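To start, the structure itself, in structure tokens.
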Amino acid sequence: MKKYLLLMMAWFAFSGMMADSKRVVSPDGNLGVSIACEQGVATYQVEYDGAMVIHPSALGLKTSIGDLTKGLSITGVRESKMVKSYQMTRTKASNSHFVANQLDVDFVNGEGVEFSVTFLVDNHNIAFRYTVPRQKDDNPKRAVVYSEASAFNFPHDTETFLCPQIGPETGWEHTKPSYEEEYEADAKMNKASKYGRGYTFPCLFKVPDRSIPLWQSFVPYLWVLVSETGVSSAYCGSHLSDYQQDRGYTVAYPDEGENGGFGSPYAAIALPGNTPWRTITVGRTLNPIVETTISYDVVEPQYMATEQYRPGRYTWSWLLWQDKSVNYDDQVRFIDLASAMGYEYCLVDNWWDKQIGRERMAELSQYAQQKGVSLMLWYNSNGFANDAPQTPRQCMNTAIAREREMKWLKSIGVKGIKVDFFGGDKQETMRLYEDILSDANRYGLQVIFHGCTLPRGWERMYPNYVGSEAVLASENLFFTQDHCDKEGFELTMHPFVRNAVASMDWGGVVMNRRMSKDNASRHYRRTGDVFEMATGITNQCSINCIAIQPNNLEELPQFEIDFLKQIPTTWDETCFIDGYPGRYVVMARRNGDNWYVAALNGTNKPITLPSLDLSPFFTSSDALRIYLDEAARKSKKTGDNLLPTPTMKPLKPNGKGMLKVTLQPMGGMIICK
């Protein structure tokens with residue numbers, strides 16, 4: 001027996017040498033991260049409420065100063081807490097209070113190169129990043145990070161909701177990658193990505209809960225959203241690799257061919273230096289996914305705003321009238337439209353320098369200001385990374401050009417710019433984003449990016465940043481009927497993925513029934529009017545496109561016009577109520593004292609909500625209105641179903657604040673005071 005005990009003691013001592021494990025849990029104790037170092041390899045794993053969410057997954061970096069993925073040992077651990085409160089005006093919530101437990105784990109490799117990993121864990125979110133210090137004798141003072149081992153090894157049978165990464169020098173005039181591919185819902189992990197290059201952030205996963213007893217008649221799931229935040233000019237953007245059996249997905253850096261082949265696909269950092277934060281949001285429901293603010297919680301402002309930037313709505317001729325509309329007279333019509341609707345902005349798109357001219361643009365801006373409207377102007381981002389011919393070109397790609405252009409923009413009263421066609425996720429391109437934002441702030445200009453990467457915490461980092469496209473957006477409704485057919489799927493997907501982590505300039509609320517200037521030809525809209533109106537609430541961007549057309553003022557019911565006149569774009573609070581990615585979504589947003597409950601049905605079948613609880617948002621004395629797409633009527637001529645019929649009625653929930661409502665196929669709902 002004594003010999004047996006000695007052997008057991010020796011085995012445990014050996015195991016302690018082989019596997020050194022540390023753990024950090026959320027303030028409520030439900031979300032936990034375990035960090036281990038076994039046989040020189042660092043890993044982490046994630047558990048939530050007794051269920052395994054992420055199996056042991058690799059940690060580490062490969063750098064110019066050493067391989068930090070093997071031969072590792074833990075040299076130190078520090079526990080602390082992060083508590084911070086802050087206010088914002090450009091995202092889903094105006095006030096955030098972040099409380100997380102923090103664990104810093106120090107490592108050293110076999111050659112004596114040191115680094116650390118920081119984990120922050122709140123009740124539903126994990127953020128982690130690497131720090132590489134200066135080494136012995138305060139050197140070196142710089143490093144190149146070649147790759148990152150960070151992995152996300154989900155349990156078997158996890159389902160995915162992912163958007164594929166596309167390669168460089170692709171797309172129209174070699175403008176991709178630009179985060180404009182199609183999401184696929186309910187896919188298997190072992191299905192290869194469409195282009196063999198992995199997936200763009202954010203990535204949503206539906207994870208089976210193996211902690212439930214086998215005798216249960218159902219298999220519950222956990223929802224997990226993976227993304228990154230805090231990417232500035234100091235690093236490159238990244239994405240997820242394709243799935244690898246027993247390893248999962250890994251963080252992948254840009255393709256060498258991005259940005260026209262110019263610039264390194266690696267990250268160059270000064271030491272001490274950090275990587276961006278990798279974020280993981282976990283919940284038994286989709287509430288934590290839709291409501292998360294982790295993208296902003298762990299970053300800080302990079303500079304002070306030069307003025308109080310104004311949120312609002314904008315009109316936009318180009319979506320349906322296209323390039324030929326970028327002339328003086330047509331822009332006057334859309335300025336007048338913005339003024340009639342009480343909107344703050346009008347976006348003048350590409351070719352304005354050729355088709356209007358700079359002198360007349362100054363006149364147009366003066367006219368807009370007299371009507372209470374400010375202009376935003378479109379620009380091509382660069383002169384090299386793509387072959388897009390649209391002008392103005394060569395105005396945003398260098399500091400000298402930006403200084404000249406932005407000074408002129410301020411002099412004529414322009415309040416914002418939309419910069420399009422970027423080259424990928426290289427650090428070189430991230431530097432261009434940051435330079436444009438920083439320079440624009442000096443001249444009081446707000447910035448929207450299109451043909452671009454996912455914004456990563458930028459609403460908090462850069463106070464004049466508005467939002468980005470980085471999504472397969474509304475212009476595709478004009479281009480093909482196929483995208484009109486898919487609009488319901490796409491706009492019920494984005495609250496759970498793309499728009500969950502950052503502001504999204506989708507360019508929506510399309511009230512024409514046909515995708516044309518005459519509203520009588522080309523592709524036709526599948527969605528109801530109230531569906532479109534509700535997207536102004538479910539899609540979040542602080543300067544939001546309301547794609548109303550001049551003809552809509554005469555064609556739409558007055559109750560639709562009245563609602564679109566007062567639709568807000570900034571939110572103090574966001575609450576997810578119900579839904580499923582790519583099928584339907586019901587959510588509530590608060591602007592001041594006013595709640596708006598909005599719902600979209602993106603499917604071809606009715607969806608009944610048997611017990612919609614309105615009591616968290618309204619009192620029994622509130623005089624409520626419900627905007628609802630009711631059943632589609634049939635055409636007397638052809639017998640074909642038409643669009644759902646928009647209605648607006650007074651609403652009185654039952655005494656408990658409950659409501660039963662049916663969402664029509666491709667229909668929507670709005671409830672407000």
Side-chain angles (χ1 to χ4, degrees), residues 22-35 44-51 53-54 59 76-106 116-131 150 152 202 222-231 274-302 456-461 463 496 499-503 540 570-576 587-590 616:
K22 311 299 176 185
R23 182 170 169 81
V24 56
V25 299
S26 59
D28 67 3
N30 287 331
L31 181 60
V33 181
S34 300
I35 300 94
Y44 77 101
Q45 68 181 39
V46 177
E47 312 91 32
Y48 180 77
D49 194 22
V53 177
I54 298 178
L59 292 169
V77 176
R78 298 176 303 283
E79 297 180 4
S80 58
K81 177 177 278 192
M82 177 179 286
V83 179
K84 63 191 292 191
S85 297
Y86 61 93
Q87 293 183 323
M88 294 186 67
T89 61
R90 296 186 173 273
T91 62
K92 64 182 77 173
S94 60
N95 294 281
S96 293
H97 184 62
F98 181 62
V99 179
N101 290 328
Q102 178 171 333
L103 185 71
D104 294 274
V105 183
D106 300 325
S116 62
V117 185
T118 298
F119 279 87
L120 295 171
V121 184
D122 78 359
N123 290 343
H124 287 286
N125 299 278
I126 299 164
F128 70 92
R129 71 176 181 182
Y130 302 91
T131 299
S150 304
F152 305 87
L222 298 159
W223 292 96
V224 184
L225 186 69
V226 175
S227 194
E228 70 174 353
T229 191
V231 180
N274 302 313
T275 68
W277 293 96
R278 314 305 175 201
T279 64
I280 306 167
T281 302
V282 185
R284 284 202 174 276
T285 69
L286 284 158
N287 294 67
I289 306 300
V290 175
E291 298 170 12
T292 184
T293 57
I294 192 63
S295 296
Y296 317 115
D297 294 335
V298 295
V299 300
E300 297 294 336
Q302 299 299 292
R456 295 156 164 93
W458 293 356
E459 296 90 332
R460 179 155 166 77
M461 294 166 66
F496 305 99
N499 214 184
V501 300
S503 299
Q540 183 270 314
T570 57
W571 306 106
D572 295 295
E573 194 174 352
T574 294
C575 293
F576 173 71
M587 62 194 305
R589 296 194 197 268
R590 179 174 62 85

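What you see is a predicted model, and the numbers here were worked out from it, not measured in a lab.
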Using salt bridge (charged side-chain N to carboxylate O under 4.0 Å, His left out), reason through Arg78 and Asp106 one step at a time and then give a plain yes or no.
CA-CA 9 Å; Arg78 298 176 303 283; Asp106 300 325; 2.4 Å; yes

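- When only modelled atom types and interatomic distance are considered, Glu459 and Ser503 share a side-chain donor-acceptor pair under 3.5 Å.
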Would you please test Val83 and His97 for side-chain contact (heavy atoms from CB on, under 4.5 Å) and show each step?
CA-CA 7 Å; Val83 179; His97 184 62; 3.8 Å; yes

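- Taking CG of Asp122 as the start and NZ of Lys81 as the end, the distance is 11.5 Å to the nearest 0.5 Å.
- Using a 4.5 Å heavy-atom threshold, the side chains of Ser94 and Met88 count as separate.
- Between the side chain of Thr279 and the backbone N or O of Ser227, at least one donor-acceptor pair lies under 3.5 Å.
- Among all heavy-atom pairs drawn from Val231 and Met461, the shortest one is O-CE, 3.9 Å.
- Between the CZ atom in Arg278 and the CD1 atom in Ile126 there is a gap of 15.0 Å [rounded to 0.5 Å].
- For the pair Phe496 and Trp223, the minimum side-chain heavy-atom distance is 4.5 Å or more.
- Between Pro27 and Val99 the shortest heavy-atom distance is CG-O, 3.8 Å.
- Put simply, the side chain of Ser295 never gets that close to the backbone of Ala502: no donor and acceptor are under 3.5 Å apart.
- Looking at Leu103 and Val33, their side chains never come closer than 4.5 Å, going by heavy atoms from C-beta outward.
- Thr570 places no side-chain N or O within donor-acceptor distance of the main-chain N or O of Thr89, the cut-off being under 3.5 Å.
- Remark: Glu291 pairs with Asn287, Cys575, Phe576 by the side chain to side chain contact (heavy atoms under 4.5 Å, CB included) rule, at least two apart or across chains.
- Applying the salt bridge (charged side-chain N to carboxylate O under 4.0 Å, His left out) rule to Arg23 yields the partners Glu47; only residues at least two apart in sequence or on another chain are considered.
- In summary, the side chains of His124 and Thr281 do not present any donor paired with an acceptor at a separation below 3.5 Å, with no hydrogens or angles considered.
- With values rounded to the nearest 0.5 angstrom, Ile54 atom CD1 is found 12.0 Å from Ser34 atom OG.
- Using a distance-only test at 3.5 Å, with no hydrogens or angles considered, no donor-acceptor pair links the side chain of Asn101 to the main chain of Val24.
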Criterion side-chain contact (heavy atoms from CB on, under 4.5 Å) on Arg284 and Tyr48, from CA distance to verdict:
CA-CA 9 Å; Arg284 284 202 174 276; Tyr48 180 77; 3.8 Å; yes

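- Of the candidates Val53, Leu222, Val121, Val46 forms a side-chain contact (heavy atoms from CB on, under 4.5 Å) with just one, namely Val53.
- Closest approach of Phe119 to Ile35, counting heavy atoms only: CE1-CG1, 3.7 Å.
- Looking only at side-chain heavy atoms (C-beta outward), Ile280 and Tyr44 come within less than 4.5 Å of each other.
- Taking the side chain as every heavy atom from C-beta outward, Thr229 and Ile294 never approach each other to under 4.5 Å.
- Residues Leu31 and Asn125 share a closest heavy-atom pair of CD2-N, 3.7 Å.
- Asp28 CG to Asn123 CG: the interatomic distance, rounded to the nearest 0.5 Å, is 3.5 Å.
- Distance alone, capped at 3.5 Å, places no donor-acceptor pair between the Thr293 side chain and the Asp297 backbone.
- Donor-acceptor pairing under 3.5 Å is lacking for the side chains of Arg129 and Thr118.
- The minimum heavy-atom distance linking Ser150 with Phe128 is given by the pair OG-CE1, 3.8 Å.
- Annotation: salt bridge (Lys or Arg N to Asp or Glu O under 4.0 Å) contacts involving residues 83-97, sequence neighbours excluded, comprise Lys84-Glu300.
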